[in-house]
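These notes are about the structure you will find just below.
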Number of protein chains: 2
Amino acid sequence: MHECVRSDAALTRAFRILGKRWSAVVLGSLRSGPAGFRELSRAIDGLSDSVLSDRLSELTKEGLIARTVDEGPPVAVSYELTESGKALMPALHQISEWAEEHLLSEGC
Amino acid sequence: MHECVRSDAALTRAFRILGKRWSAVVLGSLRSGPAGFRELSRAIDGLSDSVLSDRLSELTKEGLIARTVDEGPPVAVSYELTESGKALMPALHQISEWAEEHLLSEGC
DNA sequence: ATACTCGCTAGGAAAATCAAAGCGGCACGG
DNA sequence: CCGTGCCGCTTTGATTTTCCTAGCGAGTAT
């Protein structure tokens, strides 16, 4: 029972982050390696600049991603998963697999 | 590459549902068995009736939970995970474990 | 100089969430 | 019978979040 309550609290905590529109998708987009702002923006259909900026900022603050500035030339900013962020990937992968099997696909 | 693109589309699809505030927590609350509206509302701190109602309706429409009316007396409505919903639990459990290890806890 | 890309930010509109009252139905007790 | 309380929602309006899009300053190339 105590474990059960603890589990719900942890899930609630996790979805304080993941339950915001686009956060998980942004994280998933970084799975294959670091990317810049515009790269992410182009990779994710339907995501506006301002929300991307907000999400990157939040995910950085929560420690799931890290922002790095390469001084160039040309100057470049990139974002990559931290160890915490990487540790979440297996679960996100599992969710992807679940979605492929259980959610209607609108074609590809 | 094609697999990679497909994976991002699946994650996007999954978080069309899970990325709405409270959906995952509602699903997690049904892990231990069927529950009524008021039971869920009491179990989840901070969740308003109107959003609970919306979420239950959406999750039902997406096939993750099922709504059952027991004619009584007393008449009772309950919600439970479908097979699709149950199939998501391992991933949510993994996220719980991740949160316990990687997200600051505010005490319990 | 112009044109382009980058990484954001700002302002306002649209959508989602929140807060709380209330509805109709039902069950129970006096 | 009536009154009360619980249930499962819905409604309304306020607040917050997300979205849209223009634009900024910095940097690079022509």
Side-chain angles (χ1 to χ4, degrees), chain A residues 8 11-30 33-62 64-82, chain B residues 11-30 33-62 64-82 85:
Chain A
D8 281 357
L11 193 64
T12 302
R13 243 163 46 240
F15 276 88
R16 223 187 48 224
I17 300 166
L18 299 179
K20 300 187 97 173
R21 192 69 61 84
W22 298 112
S23 288
V25 175
V26 169
L27 284 169
S29 294
L30 289 171
F37 185 97
R38 194 51 66 191
E39 213 172 335
L40 286 167
S41 147
R42 274 193 283 259
I44 307 175
D45 259 1
L47 175 58
S48 67
D49 279 1
S50 54
V51 171
L52 177 57
S53 176
D54 281 348
R55 293 296 171 274
L56 289 171
S57 179
E58 286 154 13
L59 291 169
T60 302
K61 201 182 312 171
E62 294 285 349
L64 271 66
I65 64 175
R67 178 180 178 274
T68 310
V69 180
D70 176 0
E71 304 201 343
V75 67
V77 176
S78 75
Y79 296 87
E80 61 186 320
L81 296 172
T82 59
Chain B
L11 193 64
T12 302
R13 239 158 54 236
F15 276 87
R16 220 187 49 226
I17 300 167
L18 300 178
K20 300 187 98 172
R21 188 72 60 87
W22 299 114
S23 288
V25 175
V26 170
L27 285 168
S29 293
L30 290 171
F37 185 97
R38 194 52 64 192
E39 212 172 335
L40 286 167
S41 147
R42 275 192 284 257
I44 306 175
D45 258 0
L47 174 59
S48 66
D49 278 2
S50 51
V51 171
L52 178 56
S53 176
D54 281 348
R55 292 295 170 277
L56 290 171
S57 178
E58 285 154 14
L59 291 169
T60 302
K61 201 182 312 173
E62 295 284 348
L64 271 67
I65 64 175
R67 178 179 178 273
T68 310
V69 181
D70 175 2
E71 303 201 343
V75 66
V77 175
S78 75
Y79 297 86
E80 62 186 318
L81 296 172
T82 59

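Source: prediction; values computed, not measured. In what follows, every chain begins at residue 1, and chains take the letters A, B, ... in the order their sequences are listed.
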(request) Using whole Å, report how far CD of B/Glu58 lies from C1' of C/dA15. (result) 13 Å
(message) Can you tell whether the side chains of A/Lys61 and A/Glu58 come within less than 4.0 Å, N to carboxylate O?
(response) no
(request) Could you tell me the separation between the CZ atom of A/Phe37 and the P atom of D/dA26, rounded to a whole number of Å? (result) 18 Å
(request) Can you figure out which of C/dC18, C/dA21, C/dA27 approaches the side chain of B/Asp49 most closely? (result) C/dA21
(request) Calculate the interatomic distance between A/Glu71 atom CD and C/dG7 atom C1'; express it in whole Å. (result) 16 Å
(message) Can you tell me which nucleotide in C/dC6, D/dC19, C/dT17 comes closest to the side chain of A/Arg42?
(response) C/dC6
(message) Can you measure B/Asp54 atom CG to D/dT12 atom C1' for me and round it to whole angstrom units?
(response) 14 Å
(request) Could you check which of C/dA16, C/dA27, D/dT18 has an atom nearest any side-chain atom of B/Pro73? (result) C/dA27
(request) Just compare C/dC18, D/dC20, D/dC9 and give me whichever is closest to any side-chain atom of A/Ser50. (result) D/dC20
(request) Give a yes or no answer on whether the side chain of B/Ser29 reaches the backbone of B/Leu40 with a donor-acceptor pair at less than 3.5 Å. (result) no
(request) Measure from the side-chain heavy atoms of B/Ser48 and tell me the nearest of D/dC7, C/dA19, C/dT9. (result) C/dA19
(message) When you measure from the side-chain N and O atoms of A/Arg67 to the phosphate of C/dC8, is any distance below 4.0 Å, counting only OP1 and OP2?
(response) yes
(message) Without decimals, in angstroms, what is the distance between A/Leu52 CG and D/dT18 P?
(response) 13 Å
(message) Measuring from the side chain of B/Trp22 (C-beta onward, heavy atoms only), which nucleotide among D/dT28, D/dC9, C/dT17 has the closest atom?
(response) C/dT17
(request) Could you tell me whether the side chain of B/Arg21 and the main chain of B/Leu47 form a donor-acceptor pair under 3.5 Å? (result) no
(message) Could you tell me how far apart B/Glu39 (CD) and D/dC6 (P) are, to the nearest whole angstrom?
(response) 15 Å
(request) Using the closest heavy atom to pick a nucleotide of DNA chain C for each, name whichever of A/Val77 or B/Gly72 lands nearer the 5' end. (result) A/Val77
(message) Check the phosphate of C/dA15 against A/Arg21, side-chain N and O only, distance under 4.0 Å to OP1 or OP2. Yes or no?
(response) no
(message) Donor-acceptor check, side chain of A/Ser57 to backbone of A/Ser53, threshold 3.5 angstrom: yes or no?
(response) no
(message) Quick check on side chain to side chain contact (heavy atoms under 4.5 Å, CB included): which of A/Thr82, A/Leu30, A/Leu27 does A/Leu59 satisfy it with?
(response) A/Leu27
(request) Could you state the atom-to-atom distance from CG of B/Leu47 to P of C/dA19 in whole Å? (result) 10 Å
(message) Can you tell me which nucleotide in C/dC18, D/dC20, D/dG27 comes closest to the side chain of A/Val75?
(response) D/dG27
(request) Identify whether any heavy atom of B/Arg38 sits under 4.0 Å from a base atom; if not, whether one sits that close to sugar-phosphate; answer base, sugar-phosphate or nothing. (result) base
(request) Report the distance from atom OH of B/Tyr79 to atom P of D/dC7, rounded to the nearest whole Å. (result) 14 Å
